[in-house]
Structures are given as C-alpha cells and as structure tokens.
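Worksheet for the structure shown next.
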Number of protein chains: 2
Amino acid sequence: MREQKKQATRQALREAALRLALERGPENVRVDDIAEAAGVSPRTYNNYFSSREQAIVAAVTAERESRVAAAIAARPDGVRLADAVADAIVEQYTAPGPHDGDALLLITTSPALREAYAEAAAAMEHPLADAIAGRLGDGDGDTARVLAASVAAAVRIALERWIQRPATGTGGLVVPSGSLPDLLRAALAPLTPALDAAEERARHARRRDA
Amino acid sequence: MREQKKQATRQALREAALRLALERGPENVRVDDIAEAAGVSPRTYNNYFSSREQAIVAAVTAERESRVAAAIAARPDGVRLADAVADAIVEQYTAPGPHDGDALLLITTSPALREAYAEAAAAMEHPLADAIAGRLGDGDGDTARVLAASVAAAVRIALERWIQRPATGTGGLVVPSGSLPDLLRAALAPLTPALDAAEERARHARRRDA
DNA sequence: GCGCAAATTTGCGTGCGCGCAATTTTTGGA
DNA sequence: TCCAAAAATTGCGCGCACGCAAATTTGCGC
C-alpha cells in the first residue's frame with residue numbers, strides 16, 4: 001500500500017504537468033511549478049521523472065509500454081508472434097486516453113515534447129523482451145532482446161512520423177501521415193520475417209527436446 | 001577548409017577529454033577542464049558535444065558510425081545485404097584505434113561511460129538508413145529506416161553485453177561475454193531474415209519495373 | 001499505543017546544457 | 001587589398017538533474 005501512494009504521487013505529477021502545460025504552454029512551465037501543483041518538493045519531482053518533458057508525455061503515455069507486454073502475453077498460444085505483437089501494439093496505442101485530444105495537439109507543438117513522446121516507446125523494450133522470450137520458450141534470451149529492441153525502434157519511427165506536422169510554407173503535398181494504426185503496422189511489417197524466423201527456430205528447438 | 005578547422009577542434013576536444021579522464025579518472029574531469037585543455041571556451045565545448053561523456057566516448061568511437069554506412073555502400077552489389085551489413089559492422093568495430101586498450105578499460109569502469117558508449121551506436125541509424133535504402137533501390141525508404149534502427153539497436157545490445165563486467169562478488173560463472181565480433185554477429189543474426197526479405201522484395205519490385 | 005528499521009521525502013550544493021545576443025573570425029567578391 | 005556577409009566563438013544567465021546527508025514518514029512486530 002506504500003506502492004499505492006507512490007503511484008498516486010506519480011499520477012499527480014503527470015496530471016499537474018499536463019494541466020499546466022495546457023494552460024500556459026509548455027515553455028512557461030517550470031519544474032518547480034509542477035512540483036508545487038502536485039504538493040511535492042521540487043527535488044522529489046526528479047525522483048519520479050528525470051526530465052521535464054517526461055512528466056508531460058507520461059500523462060498521455062501512462063503505463064502503455066508495459067501494457068503492451070501484458071497484452072502480448074495474453075494472446076492465445078496459437079497466434080503467430082508477429083501478429084500478437086502487432087495487434088497488441090495497435091490495440092494499446094489506439095486505446096482512448098482521457099485527455100488525448102488536446103494533449104496530443106500540445107505535444108506536436110513542441111519539438112522537445114515530440115522527441116520525448118517518441119522516445120518513450122523505448123520503455124517497452126524490457127517488458128517486451130520478457131514477453132517475447134516467454135513466447136519463444138526462452139531458449140535464447142538474446143534473440144528476444146534484439147527483437148524487442150527492434151520492435152520498439154519501429155514503434156518509435158512510426159510515432160515520429162505520426163506526430164510530424166507536415167512542413168508549413170512549402171506548400172508541397174507532404175504525405176499526410178496516415179492513421180496511427182496504419183503507420184504502426186507499416187513500420188512493423190519489415191520485422192515480420194525476423195519474428196517468424198525466431199518463432200520457427202523456437203518451435204524446432206522445442207520439438208527436438210520432446 | 002573551414003570544415004577542417006572544425007574537425008580539428010572536435011578532435012582536440014575528444015583527445016583532451018580522454019587524456020584527462022585517463023589521468024584523473026572520469027569523475028574528476030570538469031567540462032571546463034576539457035575546454036581549457038583544448039584551448040576553447042567552455043561554451044564552445046557544448047557546441048560540439050552535448051554531454052561530458054560524449055566527448056570521452058567519441059575519442060574511441062571517432063567517426064565509426066558513419067564509416068559503417070560507407071563500408072556497406074562499398075560492398076559489391078552481389079553480396080547479400082545481411083552479409084554486407086554484418087561484415088561492415090564487424091570490420092569497423094574491430095578496426096584498431098590508437099588508444100583503445102586503456103580507453104576501453106576506462107569506459108567499462110564508469111556506468112555513465114558504458115551507457116554513453118553503447119548509446120553512441122544510435123548515431124549510425126541515419127547514415128545506415130541511407131546506405132540500406134541505396135542497396136534496396138530506395139523503393140521504400142521507410143523499410144530502410146526501420147531496418148537501420150533495428151540494426152543499430154542490435155549493435156547497442158551487443159556493445160552493452162561486451163562492456164559488461166561480470167558481476168563481482170557473486171562468484172558465479174557469468175558467461176564471460178565472448179569476443180566482440182561474435183557478440184555482434186550473434187546480435188545481428190535474428191535480423192537476417194528481415195534483411196533478406198526486404199532485399200527479396202526490392203528485387204521483385206525492380207524486376208517488375210523492368 | 002510504542003518504538004525501531006526501512007523507505008521516502010526534502011534541502012542544499014554543484015556542475016551542466018543550452019538559448020540568446022554580442023563579438024570575433026573566416027570567406028568570397030569587387 | 002578592402003569590405004560586407006556568413007559563420008563560428010564567446011560570455012552571460014537560467015533552469016535543471018542529481019549526489020548526498022539530514023529529516024520525515026511508513027510499515028510492522030510487540
């Protein structure tokens with residue numbers, strides 16, 4: 001129940017950060033302001049978030065990265081790994097958050113926030129590696145890590161694309177950065193052969209053991 | 001020739017950073033010291049490197065990341081993409097640098113330096129994406145980006161493993177983290193199917209065009 | 001309720017990253 | 001050679017991240 005209090009503080013900081021950023025614009029939010037709004041000392045803020053952008057972005061990201069891993073583990077054993085991964089990711093990234101509308105608009109505004117948002121996808125690397133290793137029968141933990149890192153990188157790239165505002169002023173026809181699910185699946189597609197091959201290898205290894 | 005001067009300053013900073021870190025230990029090197037040793041204002045230091053660790057690590061990393069891309073582009077068209085990538089990476093990461101012996105020992109000492117060293121692999125993402133796109137006939141630049149990011153992530157993981165000191169005090173038999181070439185190839189192996197598939201697709205696309 | 005141990009919060013000090021605007025250096029043309 | 005534009009360097013100031021140690025809170029057995 002001590003953990004509950006920590007999560008409460010964390011959430012308070014997230015929401016304070018987002019609210020202030022929406023009210024005043026991201027540039028006019030000091031770390032001290034966020035801490036004060038959450039009823040916490042400025043030093044404590046940095047025990048929870050290691051940068052100012054992280055807190056704002058976390059308000060919309062929440063625990064999404066670890067949910068992805070859980071969602072993958074929850075898929076029945078029959079489905080292909082590549083499908084489990086792609087479906088879980090699309091599912092979690094399209095799950096409606098409370099403030100998403102205005103918050104995402106805000107994030108696209110600031111380069112620093114855009115970067116932090118895309119970079120947050122890296123947080124899924126370790127949970128994802130565990131989930132993939134679980135599915136592969138953890139014959140080779142290293143393979144799982146590499147695949148997880150690759151998937152995380154693909155998601156990051158998809159998010160970068162998605163958040164990118166089409167260049168203003170060029171008047172050019174920039175590809176209007178399709179829907180998020182499409183971008184995610186497109187970015188993950190090149191990795192499908194690698195996931196399939198790893199799954200196949202794991203299957204062979206298991207059969208050999210039996 | 002203005003570019004030459006910039007590169008000279010950059011190198012002076014790198015070498016000064018490494019030399020001081022070796023002399024006093026990484027913790028006892030202020031950014032101001034590095035700047036002074038390189039005959040440059042502290043502010044200028046941050047025009048070249050955005051963190052203290054970056055300069056030290058850059059002394060051993062140098063321009064390795066961009067060389068990888070060049071090495072890939074230099075391979076004859078016949079060789080498989082996956083082989084070109086793996087060979088180029090192994091080649092560049094085993095190329096003997098001047099100070100490598102003591103410098104690498106130093107890097108393994110400090111967690112911050114270890115992280116910076118592994119993280120430096122991310123710098124190869126963009127050059128690598130260009131090189132891969134070139135090989136694939138840039139039919140799909142997005143695929144190249146994802147593959148490049150995946151390769152960079154794999155290299156990062158291999159480097160993390162490599163510089164990991166076996167846990168002291170556990171007395172356990174930690175796998176003694178094989179040779180760097182082996183680690184690199186092992187980390188890249190899971191991505192081979194993805195690289196092969198992308199190459200195959202590109203070949204079909206080209207044939208269709210002809 | 002009491003008190004102790006563990007974990008968390010907090011204040012303080014230091015060094016750092018970087019935006020900004022002024023200054024110095026470099027470049028290329030007349 | 002000289003000058004104007006461009007580019008790099010520098011000083012300044014601010015806010016921030018974080019190590020450290022003291023203070024506070026929390027959890028738990030009695």
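Any value given below was found using the heavy atoms of this structure, including those in side chains, with hydrogens, waters and symmetry copies removed. Numbers restart at 1 for each chain; the letters A, B, ... are given by sequence-line order, proteins then strands.
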With the side chain of [X] defined as its heavy atoms from C-beta on, choose the nearest nucleotide among [options].
X: Val31(B); options: dG11(C), dG17(C), dT10(D); result: dG17(C)
X: Arg43(A); options: dT10(C), dC18(C), dC16(D); result: dT10(C)
X: Ser51(A); options: dA17(D), dT9(D), dT10(D); result: dA17(D)
X: Thr44(B); options: dT9(D), dC12(C), dC16(C); result: dT9(D)
X: Tyr45(A); options: dG15(D), dG11(C), dA17(D); result: dA17(D)
X: Ser41(A); options: dA17(D), dT10(C), dT9(D); result: dT10(C)
X: Asn46(B); options: dT8(C), dC16(D), dC18(C); result: dC18(C)

Measuring to OP1 and OP2 of dG15(C), would you say a side-chain N or O of Arg30(B) lies under 4.0 angstrom away? yes

Has Lys5(B) got a side-chain N or O lying under 4.0 Å from the OP1 or OP2 atom of dT26(C)? yes

[X] [atom1] to [N] [atom2]: how many Å, rounded?
X: Leu20(B); N: dG15(C); atom1: CG; atom2: P; answer: 16 Å
X: Lys6(B); N: dT26(C); atom1: NZ; atom2: P; answer: 14 Å
X: Gln7(A); N: dT26(D); atom1: CD; atom2: P; answer: 16 Å
X: Phe49(B); N: dG15(C); atom1: CZ; atom2: P; answer: 22 Å
X: Arg10(B); N: dT9(D); atom1: CZ; atom2: C1'; answer: 15 Å
X: Arg52(A); N: dA17(D); atom1: CZ; atom2: C1'; answer: 12 Å
X: Leu13(B); N: dC16(C); atom1: CG; atom2: P; answer: 14 Å
X: Gln4(A); N: dT26(D); atom1: CD; atom2: P; answer: 13 Å

In Arg75(A), Arg67(A), Arg64(A), the residue satisfying salt bridge (charged side-chain N to carboxylate O under 4.0 Å, His left out) with Glu91(A) is Arg75(A)

Between Ile34(A) and Arg52(A), which heavy-atom pair has the shortest distance, and what is it? CD1-CG, 4.4 Å

Can you see which heavy atom on Leu188(A) is nearest to which on Ala154(A), and at what distance? CD2-CB, 3.9 Å

Tell me if the CD atom of Glu23(A) is crowded by more than 12 foreign heavy atoms within 6.0 Å. yes

For Tyr48(B) and for Asp32(A), locate the closest nucleotide of DNA chain D by heavy-atom distance; then report the residue assigned to the nucleotide nearer the 5' terminus. Tyr48(B)

Validation row: Arg14(A), Phe49(A) side chains within 4.5 angstrom (heavy atoms): yes

